[in-house]
Amino acid sequence: MGAANVSRMIEEAAQKIERMEIRGAARIAKFAAETLKLCAENVKSFKEIKWAAERLLKTRPTAVSLYNAINFVMRCESLRSDESDAEKLECVKKRADEFIEWVDTAQKKIGEIGAKRIKNNAVIMTHCNSSAAISIISEAFRQGKVAAVFATESRPRFQGHLTAKQLKELGIDVTLIVDSAVRYFIEDVDYVIVGADTITVNGALINKIGTSQIALAAKEARVPFIVAAETYKFSPKTLLGELVEIEERSGEEVAPRELLEMGIKVRNPAFDATPRDYIDLIITEVGAIPPEMAYLIIRDRLGYAELWEDEIKLSPHHFD
Ligand code: RUB
């Protein structure tokens with residue numbers, strides 16, 4: 001691949017994330033690692049990988065999995081600044097493979113751990129389209145424990161349709177409901193299981209808009225609210241004091257043109273924050289933990305305590 005083709009490939013990859021052809025926190029992270037690997041296979045200078053990392057980081061702001069994937073893959077340079085470009089590129093490829101492996105194995109493990117928490121004949125509610133949440137539901141179903149699932153449609157992008165299809169294809173009894181019907185059905189539900197875009201250092205969950213309302217309804221009805229989150233969904237940036245940026249998308253996604261042309265304002269945040277008091281358990285690949293343990297996951301799993309300087313070096317601000 002020539003230099004022009006590499007930059008076109010990176011631009012196309014970035015636009016796939018921006019257009020949400022590639023979406024969901026885990027898939028975005030894995031795709032970023034795959035893109036950096038492909039880039040490393042086709043360039044000669046490490047500077048070009050940095051450019052790719054910088055472009056990918058700018059695609060979507062909320063899911064910290066993207067940031068963690070890029071920091072994980074790019075960490076080689078800052079560890080050994082005397083290395084040649086060729087050595088650094090080899091390291092990028094190796095670390096990209098390690099990250100991809102992390103994504104693949106973590107979801108399976110989350111399924112195994114999470115399924116143990118599900119009792120027989122369970123009715124589960126889920127929101128949006130989370131591969132980690134589906135891993136728990138499908139493993140529990142495989143073990144014969146799932147009676148039915150309610151999937152919210154998850155407006156405005158209807159990712160709930162994907163979830164409903166995926167569950168139905170597995171043979172699960174699935175009912176699609178509008179987001180505003182959550183409280184109507186919550187009494188019929190034994191567990192809510194959702195995924196995560198980011199978990200903050202104080203144990204709050206950032207996930208698809210509407211998640212916090214479901215958590216509120218679940219708490220009121222005393223339905224356990226379970227989050228399925230790989231450890232790369234925990235945010236070291238929040239340990240540094242940063243707030244999570246909530247992506248706000250175009251009003252055209254939710255309102256007809258006629259209303260927009262009348263000058264009616266539309267707000268369309270894509271994610272919201274659920275405080276830790278509403279979360280019963282977070283199922284990670286290293287265990288089922290209370291949200292209060294988020295700090296330990298960031299410190300021990302993401303290793304940022306020791307790599308403090310490197311982390312700052314590779315932060316988006318450094319690239320700007
Ligand atoms: C997707 C979403 C998912 C999380 C977790 O939002 O909110 O619940 O990303 O998914 P969007 P996963 O469609 O806007 O990217 O468990 O697959 O990482």
Side-chain angles (χ1 to χ4, degrees), residues 13-34 56 59-69 99-100 102-114 124-139 149-167 179 182 192-200 204-215 225-235 244-250 253-254 268-274 279 281-285:
Q15 287 182 17
K16 274 191 184 161
I17 301 175
E18 282 165 350
R19 286 196 303 265
M20 292 180 64
E21 269 168 56
I22 303 288
R23 47 142 300 281
R27 285 183 74 220
I28 292 171
K30 186 173 170 180
F31 183 66
E34 287 165 349
L56 290 167
T59 52
R60 291 190 75 190
T62 303
V64 77
S65 52
L66 173 65
Y67 174 89
N68 280 337
F99 188 83
I100 292 163
W102 184 3
V103 174
D104 292 340
T105 53
Q107 287 195 344
K108 190 168 178 296
K109 194 79 197 153
I110 285 172
E112 288 163 10
I113 296 172
I124 297 168
M125 182 180 280
T126 189
H127 185 52
C128 197
N129 179 249
S130 157
S131 42
I134 288 176
S135 178
I136 297 179
I137 297 170
S138 58
E139 178 56 24
V149 174
F150 285 98
T152 55
E153 60 179 356
S154 313
R155 259 184 66 81
R157 305 281 298 210
F158 300 105
Q159 292 94 329
H161 292 187
L162 292 173
T163 302
K165 272 194 216 157
Q166 284 170 10
L167 296 178
D179 300 334
V182 162
V192 172
I193 306 180
V194 296
D197 283 274
T198 292
I199 299 203
T200 68
L205 162 69
I206 315 298
N207 193 47
K208 183 51 56 195
I209 191 78
T211 301
S212 67
Q213 285 179 181
I214 302 175
F225 184 90
I226 297 172
V227 179
E230 304 86 328
T231 50
Y232 57 80
K233 309 270 180 70
F234 288 69
S235 171
V244 179
E245 183 183 340
I246 300 289
E247 175 181 0
E248 181 125 9
R249 301 182 62 87
S250 156
E253 276 188 353
V254 288
N268 183 20
F271 301 96
D272 67 16
T274 301
I279 299 168
L281 209 54
I282 304 176
I283 311 286
T284 75
E285 74 276 20

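Atoms within each ligand, like the ligands themselves, are counted from 1 in listed order. Position 1 is the first residue of the sequence; numbering continues from there.
Contact annotation: the side chain of Asp197 never approaches that of Lys233 to less than 4.5 Å [non-hydrogen atoms, C-beta and beyond].
Of all atoms in ligand 1, numbered sequentially from 1 with element shown, those under 4.0 Å from a heavy atom of Arg23 are 1 (C), 11 (P), 13 (O), 15 (O). Close contacts between ligand 1 and Ala25 involve ligand atoms 9 (O), 10 (O), 18 (O) [criterion: under 4.0 Å to a heavy atom]. Listed by atom number, the atoms of ligand 1 under 4.0 Å from Arg60 heavy atoms are 11 (P), 14 (O), 15 (O). Counting the atoms of ligand 1 from 1 in the order shown, those under 4.0 Å from a heavy atom of Lys208 are 6 (O), 7 (O), 11 (P), 14 (O). For ligand 1, the atoms lying closer than 4.0 Å to a non-hydrogen atom of Gln159 are 11 (P), 13 (O), 14 (O). Set against the non-hydrogen atoms of Phe271, the atoms of ligand 1 under 4.0 Å away are 6 (O), 7 (O), 14 (O). Of all atoms in ligand 1, listed by their number and element, those nearer than 4.0 Å to a heavy atom of Ser131 are 12 (P), 16 (O), 17 (O). Near Asp197, meaning under 4.0 Å from one of its heavy atoms, ligand 1 places the atoms 2 (C), 3 (C), 4 (C), 7 (O), 9 (O).
Regarding atom 5 (C) of ligand 1, its nearest protein heavy-atom neighbour is Ala196 O, 3.5 Å. Regarding atom 8 (O) of ligand 1, its nearest protein heavy-atom neighbour is Asn207 OD1, 2.8 Å. Nearest protein heavy-atom contact of atom 16 (O) of ligand 1 is Ser130 OG, 2.7 Å.
Contact between His127 and ligand 1 is absent, with no heavy atom of the residue lying under 4.0 Å from the ligand. For Glu247, the heavy-atom gap to ligand 1 stays at 4.0 angstrom or more.
Salt bridge status for Glu153 with Arg155: absent, with no side-chain N to carboxylate O gap under 4.0 Å. Note on Glu18 versus Lys16: no salt bridge recorded, every NZ/NE/NH1/NH2 to OD/OE distance being 4.0 Å or above. In this structure, Asp272 does not pair ionically with Lys208, as no charged nitrogen and carboxylate oxygen lie closer than 4.0 Å.
Asn68 places a side-chain N or O within 3.5 Å of a backbone atom of Phe234 that can act as its donor or acceptor partner. Checking side-chain atoms of Ser212 against main-chain N and O of Thr274 turns up no donor-acceptor pair under 3.5 Å. Between the side chain of Ser135 and the main chain of Ser131, no donor-acceptor pair closer than 3.5 Å is present. Arg249 places no side-chain N or O within 3.5 Å of a backbone atom of Pro156 that could act as its donor or acceptor partner. Of the possible polar contacts, one joining the Thr198 side chain to the Thr62 backbone as a donor-acceptor pair under 3.5 Å is found.
With a 6.0 Å radius and a threshold of 12 heavy atoms from other residues, nucleotides or ligands, Gln213 has its CD atom at or below the threshold.
Considering backbone and side-chain atoms alike, Gly24 places an N or O below 3.5 Å from some N or O of ligand 1. Among the atoms of Gly195, none of the N or O lies under 3.5 angstrom from an N or O of ligand 1. Residue Ile28 places no N or O, backbone or side chain, under 3.5 Å from any N or O of ligand 1.
Counting heavy atoms closer than 4.0 Å to ligand 1, residue Arg27 contributes nothing at all. The residue Arg157 has no part lying near ligand 1, judged by heavy-atom distances below 4.0 Å.
To the nearest 0.5 Å, atom CD1 of residue Ile100 and atom CZ of residue Phe31 are 11.0 Å apart.
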